[in-house]
Colleague: 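Input: one structure, supplied below.
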Amino acid sequence: MELEKSYNANDVEEKIYKIWQESGYFNPDKLPGKRKEPYTIIMPPPNANAPMHLGHALFVTIEDILIRFQRMQGKRTLWQPGTDHAGFETQVVYEKKLDKEGRSRFSMTREDFYKEVWEFVQGNKHITENSLKRLGASCDWDRNMFTLDPEIIKVVYGTFEKMYNDGLIYKSGRICNWCPKHQTGLADLETKYEERQEPFYYFKYGPFTIGTSRPETKFGDKYVVMHPEDKRYKQYKHGDKLELEWINGPVTATVIKDEAVDMEFGTGVMTITPAHDPIDFEIAQRHKLDSETVIDKRGKLLPIAGEFAGLKILDARPKIVDKLKEKGLLEKVDENYKHNVQLCYKCGNLIEPQVVDQWYIAMTKSLPDGRPSLRDMAINALEKKEVEIVTERFEKVFRHWMENLRDWPISRQIWWGIPIPVKYCSDCKEVIIDIQDNISSCKKCGSAKLTKDPDTFDTWFSSGQWPFATLMANDAKHGTEDIKNFFPTQVMETGWDILFFWVARMVMLSYYKTNKPPFQKVYLHGLVRDKDRQKMSKSKGNVIDPLGIIDTYGTDALRFALVFSTAAGNDIPLAEDKIKGMKHFGNKLWNIARFIIMNLEITNYKLQITNPEGSTEADRAILTKLEALIKSSTNHLENFRLHEAAQEIYHFTWHEFADVYIEASKVQLQDENLKAFTLSTLHYSLTTVLKLLHPFMPFITEHIWKILQEKNLAEKNLLMIQEWPK
RNA sequence: GGGCAAUUAGCUCAGUUGGUUAGAGCGUCUCGUUUACACCGAGAAGGCCAAAGGUUCGAAUCCUUUAUUGCCCACCA
């Protein structure tokens with residue numbers, strides 16, 4: 001077979017992937033030899049709501065390198081794949097799509113909406129899976145899982161029920177972050193802050209002056225709050241009643257003394273709107289004050305606003321200010337006031353805090369079986385190094401976040417997701433956990449009037465259980481013993497941007513459910529950014545399609561470029577030139593192989609390097625360097641310094657092996673006394689480099705290996721299961 | 001307000017526990033098509049490793065301060 005002058009990735013990658021898949025070696029149960037020690041990575045399931053982006057290419061590359069390396073080291077490797085229904089994220093994506101079509105979920109039935117999203121997600125799932133294959137992912141497709149698979153939901157429901165019975169999950173009507181656009185409550189993490197310059201108004205409130213940037217919330221205000229130590233207001237006593245004129249007429253205000261008031265801020269006096277402000281809500285709770293809803297869930301004023309009822313808050317604001325001005329209650333306006341406003345992290349609309357019933361998980365409550373709280377178990381895990389974040393600087397970040405953790409709201413008022421398995425008795429108000437969805441009468445009073453909880457789980461509640469849920473689901477589905485064999489897993493590899501969303505929750509939920517860490521090490525990668533260091537996002541339209549890159553340069557080049565000069569945890573600005581350079585490297589390797597094969601084909605020398613007789617200084621030098629490379633790159637890989645390993649292998653291959661040794665070999669091959677050892681050295685160096693390079697550039701290395709096999713120049717098995725060089 | 005990081009060649013970035021002339025990709029310049037490779041080879045230019053001070057036999061690497069940049073967390077009506 002004539003070998004082409006240059007390597008063409010497109011011709012071989014699909015073929016090679018097929019060979020791998022047919023070998024069965026992605027599946028740990030089908031690996032040859034006696035492999036005892038497991039090595040497991042649970043793949044962070046890509047969201048099945050969009051085509052894949054370079055972030056996926058990065059995580060697939062890193063995880064595939066780790067898995068292939070360990071597989072060649074003789075481990076029983078399981079890389080568990082899956083896709084995520086991604087509740088809120090997907091619903092947002094789909095609602096945008098509806099919006100473009102002039103539709104809205106509010107004019108659809110819940111069932112129809114769910115069905116449409118289901119179809120949409122199924123289509124994306126397949127696209128995503130095919131993309132993972134093009135990237136060379138050697139994950140076990142036999143175990144492929146979806147977050148809405150019944151076996152997964154069963155595990156999730158089991159956890160919910162256990163937590164409810166343990167008193168860790170409770171329902172509360174406290175104030176929550178409400179997005180008026182998406183019509184759902186959100187966790188703190190799902191909101192962001194932005195600095196805005198808005199007018200800050202000072203109004204006369206009886207004898208006081210109060211400041212606010214949100215006059216539209218003030219209709220129901222009937223408590224005036226000041227610090228108990230504030231000397232300016234010492235003549236007012238807690239509980240004093242005052243008659244005063246307010247926006248829509250006279251009100252009776254009650255004086256409240258509370259230490260939450262900052263004496264330095266404004267006039268040191270404020271009125272409170274407990275239904276629409278978290279701080280005010282807390283003050284009201286402390287003093288058991290009345291609370292009145294002023295703004296509805298769509299962000300419009302309620303009848304309490306009188307003439308302003310029905311207006312959107314931002315439209316109402318200037319009108320309300322005008323009215324107060326006319327009434328002579330506007331004292332002054334500070335136009336230079338800057339403050340942070342809270343926004344929905346997805347749509348950027350203002351968060352409008354609302355009092356809504358939500359399910360919460362207690363983060364700091366000790367477990368009834370005597371174990372510490374979820375939060376403390378996670379902190380202990382780091383403390384005891386049962387879980388280590390190898391991207392070390394994130395340990396501090398993790399710990400700090402953990403220490404300040406508040407209870408986690410896990411219910412969402414969205415339709416796309418796992419339904420909360422709860423029914424309520426309309427008569428006796430009993431809460432009934434109904435996992436099978438087949439309970440039709442109240443367990444307590446026998447009433448048949450049951451209503452289903454309309455909410456769904458926060459996606460992170462289910463994906464937070466992913467490491468053990470997938471393995472449990474495998475066992476239920478396939479009769480495997482995955483939980484026994486593969487849990488706890490070895491490595492969780494994911495982006496630092498979901499450290500809190502996901503990693504933290506996995507640690508807590510895993511300890512809760514299994515009493516074990518979900519994984520031993522956490523490797524956090526950075527974000528792939530565009531060439532201007534901008535975050536790639538659909539909304540910015542700067543997303544680069546990895547498949548296009550693969551078409552042009554090949555998967556191996558993309559993979560090598562992604563890990564080549566990237567330290568863990570650092571963001572990666574993608575330069576296409578780098579990928580191009582790595583394609584050249586692949587071609588270099590190809591031609592090294594071509595040269596060696598060409599020389600070996602025309603000879604019949606016995607290949608062996610154990611007998612150094614007839615070796616030259618050049619032979620010995622390259623073998624020494626190769627030995628050092630094996631040691632060093634193995635060490636780097638074991639310690640997650642993939643980029644270091646990649647650079648060293650690159651440097652050796654090109655600048656030691658090709659530039660120096662192969663050049664020297666051309667002379668040595670002319671000498672019959674040197675020829676045998678020279679050929680042996682060439683062959684040995686090549687096969688070793690192929691092995692070392694295989695985790696990084698699996699396609700080209702496997703392809704060359706296959707060609708060597710066809711010429712009886714390599715062992716019969718696939719390169720992917722060859723023994724790692726020692 | 002609190003915290004974390006970064007600052008190294010024209011550009012984008014590596015540099016594990018401090019140890020010989022600080023590296024890579026791309027770019028620039030010169031030369032070269034001798035059958036592995038022009039997706040190449042040979043060679044060259046280009047860095048007081050942000051600044052100052054300190055520790056050390058020795059610092060890009062450790063410490064202190066400063067400057068600039070980026071990010072995270074919290075959030076005051």
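In what follows, chains are A, B, ... by sequence order, proteins preceding strands, each numbered from 1.
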Colleague: Mind calculating the distance between CD (A/E392) and P (B/rA5) to the nearest angstrom?
Modeller: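 So the CD-P distance, A/E392 to B/rA5, works out to 10 Å.
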
Colleague: Kindly confirm or rule out a cation-pi arrangement of A/K583 over A/Y553, judged by NZ or CZ under 6.0 Å from the six-membered ring centre and within 45° of its axis?
Modeller: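 Not flagged: A/K583 not positioned over aromatic ring of A/Y553.
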
Colleague: Find the partner of B/rU33: check Watson-Crick (N1-N3 plus N6-O4 or O6-N4) and G-U wobble (N1-O2, O6-N3) distances, both under 3.5 Å, and reply none if neither fits.
Modeller: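 WC or wobble partner does not exist here.
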
Colleague: Mind checking whether A/H287 and A/H238 have parallel, tilted or perpendicular rings, split at 30° and 60°?
Modeller: tilted

Colleague: Just to be sure I understand the rule, does A/V261 reach a base, reach only the sugar-phosphate, or reach nothing, if contact means heavy atoms closer than 4.0 Å?
Modeller: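 Base, at least one base heavy atom under 4.0 Å.
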
Colleague: For A/S6, answer base if it contacts any base atom (sugar-phosphate contacts may also be present), sugar-phosphate if it contacts only those atoms, and nothing otherwise; contact means non-hydrogen atoms under 4.0 Å.
Modeller: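 The answer is base, as A/S6 lies within the cut-off (heavy atoms under 4.0 Å) of a base atom.
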
Colleague: Identify, between A/R214 and A/H636, the residue whose nearest nucleotide on RNA chain B lies closer to the 5' end.
Modeller: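 Its nearest nucleotide being more 5', the pick is A/H636.
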
Colleague: Does any nucleotide pair with B/rA44 by Watson-Crick or G-U wobble geometry, both distances under 3.5 Å, and what is it?
Modeller: B/rU28

Colleague: Should the pair A/R174 and A/Y360 be classed as cation-pi, given the thresholds of under 6.0 Å to the six-membered ring centre and 45° from the axis?
Modeller: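 The answer is yes; both the distance and angle limits are met.
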
Colleague: A/H339 side chain N/O closer than 4.0 Å to the phosphate oxygens (OP1, OP2) of B/rC75?
Modeller: no

Colleague: If I take atom OG1 from residue A/T678 and atom OH from residue A/Y661, how far apart are they, to the nearest 0.5 angstrom?
Modeller: 4.5 Å

Colleague: Which residue lies toward the 5' end of RNA chain B, A/F564 or A/F595, if each is placed at its nearest nucleotide?
Modeller: A/F564

Colleague: Any side-chain N or O of A/H643 below 4.0 angstrom from OP1/OP2 of B/rU16?
Modeller: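 It does not, given that no N or O in the side chain of A/H643 lies less than 4.0 Å from OP1 or OP2 of B/rU16.
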
Colleague: Respond yes when some side-chain nitrogen or oxygen of A/N570 is under 4.0 Å from OP1 or OP2 of B/rA14, and no when none is.
Modeller: yes

Colleague: For A/D659, which contact category applies under a 4.0 Å heavy-atom criterion: base, sugar-phosphate, or nothing?
Modeller: sugar-phosphate

Colleague: What does B/rU55 pair with, Watson-Crick or G-U, if both distances are under 3.5 Å?
Modeller: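 Partner of B/rU55: none found under 3.5 Å.
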
Colleague: Counting only Watson-Crick pairs (N1-N3 plus N6-O4 or O6-N4) and G-U wobbles (N1-O2, O6-N3), all under 3.5 Å, who is the partner of B/rU16?
Modeller: none

Colleague: Which whole-number value in Å describes the distance from A/H400 NE2 to B/rC73 P?
Modeller: 11 Å

Colleague: In whole angstroms, how far is the P atom of B/rA74 from the CG atom of A/L405?
Modeller: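 After rounding, the gap between these two atoms is 10 Å.
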
Colleague: Checking all strands, does A/K583 fall into the base, sugar-phosphate, or nothing category for heavy-atom contacts under 4.0 angstrom?
Modeller: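 A/K583: base contact, heavy atoms under 4.0 Å.
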
Colleague: Does B/rA74 have a Watson-Crick or wobble partner in any strand here, with both distances under 3.5 angstrom, and which is it?
Modeller: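 Looking at the geometry, B/rA74 pairs with no nucleotide.
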
Colleague: Any base atoms under 4.0 Å from A/K5, or only sugar-phosphate, or nothing? Heavy atoms, all strands.
Modeller: sugar-phosphate

